[in-house]
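Quick note: residue numbers are just sequence positions, from 1. Note that ligands are numbered from 1 as they come in the structure, with each ligand's atoms numbered from 1 the same way.
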Amino acid sequence: MIGVFDSGFGGLTILRAFLKALPDIRYVYLGDNARTPYGNKSQGVIYEYTRQAVEYLFGLGCVLVILACNTASTKALRKIQQEWLPRRYPDRRVLGVVIPLAEAGAAVTRAGRVGVIGTRATIESGVFDQELHKIRPELMVFGKACPLLVPLVEEDWVRRPETSMILKKYLRSLKDKRVDTLIPGCTHYPFLQPQIERIMGKSCAVVNGPEVVARKLCDYLKRHPEIDGAIKRGGNNSYFTTDDPERFMAFGRQFLCDRISEVKAVVLG
Ligand code: DGL
């Protein structure tokens, strides 16, 4: 099984792409909806919440966990990979989403002006800038924290005019910087992809995060047959949330093509 972790519903955008690209794999999704948003929390808290979630997914038998959440990927992944995994679970793997997104952004930009939007924690971490500059040191990177977007998506306000207004306000400064590529550095933003593309206009390519991450997972499994071989295939996917399972089921059913027959409530910690 592959575990997909997010602070809330956002990671369903990534899971949807996985289900399309690698439908035979069995997935376990865990959304920490009770403690979302992570994006305004400190590094220590984000690390601890993420570690608890990964441990829970390992306990269910996941060999590989994808931190779909950019905030967890920027604030917790390195410590998990470098300190915690080698000590506690040397044969399991945890991967994030930042490097695939940065590679996609760096590959697309012509003018070398790349915008990144994300939670406050993600933008302030500077991890996207670092990864983009590792690939192409000459790039101009402009980050913009958009802290109101995650709660709007979690509240299912995606199609409300208020959300478009807020998005326009956030994206204004990146348009002024004439970015020709935009990386939506948060799992919740693909829910707003059409609005983002409309606001940024034709002169700006908006990276499709879920597709990019799914492609990267396919590559990873090809390059790591030992992990690929240990992953269970077939059977139903499972869904876990730290908040109301009914609400999760309603949101998930509306968005995923997977038949979600049950969502279980869990307590992490
Ligand atoms: N899903 C998280 C991400 O990709 C953000 C949500 C949150 O702030 O909890 O960054």
For [atom], what is the closest protein heavy atom, and at what distance to 0.1 Å?
atom                    : value
atom 6 (C) of ligand 1  : S7 OG, 3.2 Å
atom 8 (O) of ligand 1  : G39 N, 2.7 Å
atom 2 (C) of ligand 1  : C69 SG, 3.2 Å
atom 1 (N) of ligand 1  : T187 OG1, 2.6 Å
atom 7 (C) of ligand 1  : Y38 N, 3.1 Å
atom 10 (O) of ligand 1 : T71 OG1, 2.7 Å
atom 3 (C) of ligand 1  : N70 N, 3.3 Å

For the residue pair F5 and Y38, does the interplanar ring angle fall in the parallel (under 30°), tilted (30 to 60°) or perpendicular (over 60°) class?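 Rings of F5 and Y38: tilted, as their planes differ by 30° to 60°.
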Is C186 close to ligand 1, meaning an N/O of one under 3.5 Å from an N/O of the other?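 Checking ligand 1 against C186, no N or O pair falls under 3.5 Å apart.
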Consider every N or O of T122 and every N or O of ligand 1, then say whether any pair is closer than 3.5 Å.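 Between T122 and ligand 1 (N or O atoms, distance only) the closest approach is not under 3.5 Å.
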Are any of the side-chain heavy atoms of [X] and [Y] separated by less than 4.5 Å?
X    : Y    : answer
R35  : D32  : yes
F248 : F240 : no
Q52  : Y56  : no
L64  : L95  : yes

Within 45° cone and under 6.0 Å: R113 NZ/CZ vs F142 ring: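 No cation-pi geometry.
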K144 to Y170, cation-pi by 6.0 Å centre distance and 45° axis angle: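 Here K144 fails the 6.0 Å and 45° test against Y170.
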Is G10 close enough to touch ligand 1? Criterion: a residue heavy atom under 4.0 Å from a ligand atom.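 Checking ligand 1 against G10, which is what was asked, there is no heavy-atom contact under 4.0 Å.
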Please work out whether any backbone atom (N, CA, C, O) or any side-chain heavy atom from C-beta onward of D6 is under 4.0 Å from ligand 1, and answer side chain, backbone, both or neither.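 Looking at D6 and ligand 1, just side chain atoms fall under 4.0 Å.
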Those atoms of ligand 1 less than 4.0 Å from some heavy atom in P37: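 Result: 7 (C), 8 (O), 9 (O).
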Atoms in ligand 1 with a heavy atom of T119 nearer than 4.0 Å: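 The atoms of ligand 1 under 4.0 Å from a heavy atom of T119 are 5 (C), 8 (O), 10 (O).
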What about F191 and F251, are their ring centers closer than 6.0 Å?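 Ring-ring flag for F191/F251: true, centres closer than 6.0 Å.
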If we count only N and O atoms by modelled type, under 3.5 Å, do the side chains of T242 and N33 hold a donor and an acceptor together?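 No, N33 and T242 have no side-chain donor paired with an acceptor closer than 3.5 Å.
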